[in-house]
J.: 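Handing you a structure now.
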2 protein chains.
Amino acid sequence: MSTETESVVDGVRRLVLSGQYASGDRLGEVELAAALGVSRTPVREALRLLAAEGLLEITPNKGARVVAWSPAELEEIFALRAQVEGLAARRATERVTPEQLDELERLAVEHSEATGAGPGYDLERVYELNALFHGRIVQAAGGGTSLTSVVNSLVHSVVLHRTLHTFDDVAMKRSSRHHVEIVAAMRSRDPEWAECVMRGHLLSARAALLGPRPHPGSPPTPTTL
Amino acid sequence: MSTETESVVDGVRRLVLSGQYASGDRLGEVELAAALGVSRTPVREALRLLAAEGLLEITPNKGARVVAWSPAELEEIFALRAQVEGLAARRATERVTPEQLDELERLAVEHSEATGAGPGYDLERVYELNALFHGRIVQAAGGGTSLTSVVNSLVHSVVLHRTLHTFDDVAMKRSSRHHVEIVAAMRSRDPEWAECVMRGHLLSARAALLGPRPHPGSPPTPTTL
DNA sequence: GGACCCCATATTGCATACATTCTGCGGGTT
DNA sequence: AACCCGCAGAATGTATGCAATATGGGGTCC
C-alpha cells in the first residue's frame with residue numbers, strides 16, 4: 001500500500017522472522033508503533049495485512065499474535081503446496097522461455113553447490129535460493145494474481161526457516177536434486193514430469209519435517225507398544 | 001474483526017454483489033462511510049480486508065476498485081480450485097462422518113430438485129445450495145485454516161454468480177449430477193473417485209464459463225478461418 | 001490551434017483523541 | 001480456603017483533524 005504502511009509490514013515481518021517474536025507471542029500496537037517510529041494507524045493496517053497473509057492471527061479486542069502452526073496445519077500446508085505448485089510447474093513447463101530456463105538452472109546449480117559441502121551450510125543462502133527458485137516457477141507459469149497470491153499465502157518465511165532447520169543432510173541433498181530434476185523436466189518440455197517431481201519435492205519436504213504420517217488403515221499407534 | 005468493521009465488510013460485499021458497484025468501479029471511502037453510517041476508519045480496514053481477499057484491488061493514493069477478472073484469471077482460478085478442492089474432496093472422503101454425509105446428500109438432492117425443473121431456476125437458491133455444498137466438503141476435510149482460507153480466497157461470490165448466469169441447462173444439470181456423484185463416491189469411501197469427480201466438476205464449470213481453451217499444440221486461431 | 005503548466009479541489013494517508021472492551025488484582029462473602 | 005464481584009489499568013476499536021498526493025480545468029506559451 002502506501003510507503004509507510006508497507007515499511008511497517010516489512011518491519012514486522014523482520015521482527016517475527018528474526019525471532020524477536022516467537023510463535024504465539026502477542027504483538028501490541030503501541031509497542032510496535034513506538035519501535036518503528038510511526039503512529040498506530042499504519043501499524044494496525046500492517047497487522048491486518050499480515051493476518052490476511054496468514055502470518056498473524058487477530059482476535060477482536062484481543063490483538064494480534066504470531067500464529068502457532070500445529071503439525072496438522074503444517075501437514076495441510078505442504079499438501080496444498082504440492083497441489084498448487086504442482087500445477088504451477090506444469091504450466092511453467094508449457095510456457096517457460098529459454099531465458100527463464102537458464103535462470104532456473106542457475107538457481108538450481110547454486111542451490112546444489114550451497115548444499116553440496118555436507119552439513120554446515122549457509123542456511124540463509126539456501127533459504128534465499130530456494131525461495132527464488134519456487135518464486136520463479138510461479139512467475140514462469142504466467143502467474144496471474146490468483147496463483148501468485150495463493151502461493152504467497154502458503155509460503156510463509158517462518159515455516160520455510162523452520163523446515164530448513166529440521167532438514168538433515170540427506171533431505172537437503174535430495175531437495176537440491178529435485179530442483180535440478182525439475183529444470184531437466186522443463187527443458188524436456190514434459191509438463192507431467194515437472195508436475196510429478198514438484199509434488200514429490202514438497203511431499204518429501206513434508207516427510208522430512210513431520211516424519212511418517214498415519215493413515216486410516218494403519219494399526220493404532222504402534223509406536224507406543 | 002470488530003463488529004463494526006465486519007458489518008462494513010458485509011455491507012460492501014453486498015453492494016458489490018448486488019451490482020451497485022460493477023467491475024472496475026471506484027469505491028470512495030467517504031462515500032461508503034456515509035452510505036453505511038460509520039466513520040472512515042472501519043471502512044478503510046474493511047476495504048483492506050476485501051482487497052486481501054481478492055474482491056477489490058487497492059493502489060496507493062488512488063483508492064479501491066472492484067477487480068475486473070480477465071478470462072485468463074478466471075481460467076486460472078478454476079484450475080486452482082480443481083487442484084485444491086480435489087484435495088479437499090479426497091481428504092473429506094477419508095474423514096467424513098455419517099451425519100456429514102447425510103447433510104451433503106441433502107444439499108445435493110435439493111440442488112438437483114432446484115435445477116431439475118428446466119430453465120428458469122431460482123438462481124439465488126441454486127447459488128446458495130452450491131456454496132453450502134462446497135463449503136461443507138472443505139469442512140469435512142478437516143479444514144485447517146490454510147485450506148479454508150485458500151478456498152475462500154478462490155471462491156468469490158461475484159465469480160460464482162457470473163458463472164451460474166452463464167450456465168446453460170445442460171451445464172446446470174451436469175453440475176448437479178456431479179454433486180450427487182461426489183456424495184456417492186464419499187459414501188463408497190473412495191477418495192480417488194471423489195477427487196476425480198470434484199476436479200471434473202470444476203473443470204466442467206470452467207468450460208461452461210469460458211468455452212474450449214487453446215493449448216500449445218493447437219493450430220493458430222482456427223476460428224478466424 | 002495544440003500542448004504544457006499551474007492551481008483548485010477532492011481523496012487518500014497519517015496522527016491524535018475519545019469510547020469501549022478485556023485483563024488482573026484485591027476485597028468480601030460463603 | 002475457594003469463589004465471586006467490582007474496580008483500576010491497559011489495550012483495542014472508532015472518530016475526527018491535518019498533511020500529502022492525485023485529478024481536472026483554465027490559462028498561457030509556442
Side-chain angles (χ1 to χ4, degrees), chain A residues 1-16 18-68 145 149 152, chain B residues 1-16 18-68 145 149 152:
Chain A
M1 306 292 155
S2 90
T3 52
E4 195 86 26
T5 298
E6 204 168 65
S7 75
V8 174
V9 169
D10 289 342
V12 174
R13 224 199 287 274
R14 265 209 334 272
L15 286 173
V16 173
S18 70
Q20 297 273 126
Y21 292 96
S23 285
D25 280 4
R26 225 179 95 62
L27 297 167
E29 294 180 0
V30 293
E31 180 183 338
L32 288 171
L36 298 171
V38 294
S39 119
R40 274 181 54 211
T41 309
V43 171
R44 280 179 68 82
E45 292 198 357
L47 292 179
R48 299 303 190 274
L49 282 178
L50 289 168
E53 199 179 293
L55 186 64
L56 312 178
E57 75 188 335
I58 294 179
T59 42
N61 297 321
K62 286 193 58 179
R65 310 182 75 86
V66 180
V67 292
T145 42
S149 73
N152 281 340
Chain B
M1 306 301 153
S2 91
T3 52
E4 194 89 22
T5 299
E6 204 168 65
S7 77
V8 174
V9 169
D10 289 342
V12 174
R13 224 198 286 273
R14 266 209 334 272
L15 287 174
V16 174
S18 70
Q20 297 272 127
Y21 292 96
S23 285
D25 281 3
R26 226 178 93 62
L27 298 166
E29 295 179 0
V30 293
E31 179 183 337
L32 288 171
L36 298 170
V38 295
S39 118
R40 274 179 54 213
T41 308
V43 171
R44 280 179 68 82
E45 292 199 356
L47 292 179
R48 299 301 190 274
L49 284 178
L50 289 168
E53 197 180 294
L55 187 65
L56 312 177
E57 78 188 332
I58 293 179
T59 44
N61 297 322
K62 285 192 57 178
R65 310 180 74 87
V66 180
V67 294
T145 44
S149 74
N152 282 340

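Within every chain, numbering begins at 1; the chains are lettered A, B, ... in the order of the sequence lines, protein sequences first and strands thereafter. Since the structure is predicted, the reported quantities are computational estimates derived from the model, not experimental observations.
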J.: Rounded to the nearest 0.5 Å, what's the gap from OG1 on B:Thr5 to CZ on B:Arg44? Could you check?
T.: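 With rounding to 0.5 Å, OG1 (B:Thr5) is 12.5 Å from CZ (B:Arg44).
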
J.: Round to the nearest Å and state the distance from B:Leu56 atom CG to C:dT12 atom C1'.
T.: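 That distance rounds to 15 Å.
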
J.: Got a donor-acceptor contact below 3.5 angstrom from the A:Arg26 side chain to the A:Lys62 backbone?
T.: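 Between the backbone of A:Lys62 and the side chain of A:Arg26 there is a qualifying donor-acceptor contact (under 3.5 Å).
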
J.: What's the CZ-C1' distance between B:Arg65 and D:dT23, to the nearest Å?
T.: 13 Å

J.: Establish, with yes or no, whether the OP1 or OP2 oxygen of D:dG13 is under 4.0 angstrom from a side-chain nitrogen or oxygen of A:Arg44.
T.: yes

J.: The test is side-chain contact (heavy atoms from CB on, under 4.5 Å); show your working for A:Val12 and A:Leu55 and say whether it passes.
T.: CA-CA 10 Å; A:Val12 174; A:Leu55 186 64; 5.8 Å; no

J.: Measure from the side-chain heavy atoms of B:Ser39 and tell me the nearest of D:dG13, C:dT12, D:dT16.
T.: D:dT16

J.: Which nucleotide wins on minimum distance to the side chain of B:Pro42, given the candidates C:dC14, C:dG13, D:dT14?
T.: D:dT14

J.: What residues, two or more places apart in sequence or in another chain, satisfy side chain to side chain donor-acceptor pair (under 3.5 Å) together with B:Arg40?
T.: B:Glu29

J.: Applying salt bridge (Lys or Arg N to Asp or Glu O under 4.0 Å), name anything that partners A:Glu53, two or more places apart in sequence or on another chain.
T.: A:Arg13

J.: Roughly how many Å is it from CD in B:Glu6 to P in D:dG13, rounded to a whole number?
T.: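 That distance rounds to 12 Å.
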
J.: Side chain to side chain contact (heavy atoms under 4.5 Å, CB included) with A:Glu57: which residues, sequence neighbours excluded?
T.: A:Val67

J.: Could you list by number each residue of residues 27-37 of chain A showing a heavy-atom separation from DNA chain C of less than 4.0 Å, or answer none if no residue does?
T.: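 None, since no heavy atom is under 4.0 Å.
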
J.: From the list D:dA15, D:dT12, D:dG17, which nucleotide is the closest neighbour of the side chain of A:Arg40?
T.: D:dT12

J.: Could I get a table of every N or O pair under 3.5 Å where one atom is in the protein and the other is in nucleotides 19-24 of chain C?
T.:
| residue | atom | partner | partner atom | Å |
| --- | --- | --- | --- | --- |
| C:dT21 | O3' | A:Asn61 | ND2 | 3.4 |

J.: If only side-chain N and O atoms of A:Arg48 are considered, is one of them under 4.0 Å from the OP1 or OP2 phosphate oxygen of D:dG13?
T.: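 For A:Arg48, the contact criterion (side-chain N or O under 4.0 Å from OP1 or OP2 of D:dG13) is met.
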
J.: Quick one: which of D:dT14, C:dT16, C:dG13 gets closest to the side chain of A:Thr41?
T.: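 Between D:dT14, C:dT16, C:dG13, the one nearest the side chain of A:Thr41 would be C:dT16.
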
J.: With B:Thr145, which residues qualify under side chain to side chain contact (heavy atoms under 4.5 Å, CB included), at least two apart?
T.: A:Glu73

J.: Does a nitrogen or oxygen in the side chain of B:Arg26 sit under 4.0 Å from OP1 or OP2 of C:dT12?
T.: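 It does, given that an N or O in the side chain of B:Arg26 lies less than 4.0 Å from OP1 or OP2 of C:dT12.
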
J.: Which residues satisfy the side chain to side chain donor-acceptor pair (under 3.5 Å) test with A:Glu31, sequence neighbours excluded?
T.: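 Residues passing side chain to side chain donor-acceptor pair (under 3.5 Å) with A:Glu31: A:Tyr21.
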
J.: What's the separation between atom CG in B:Leu50 and atom CG in B:Asp10, rounded to the nearest 0.5 Å?
T.: 9.0 Å

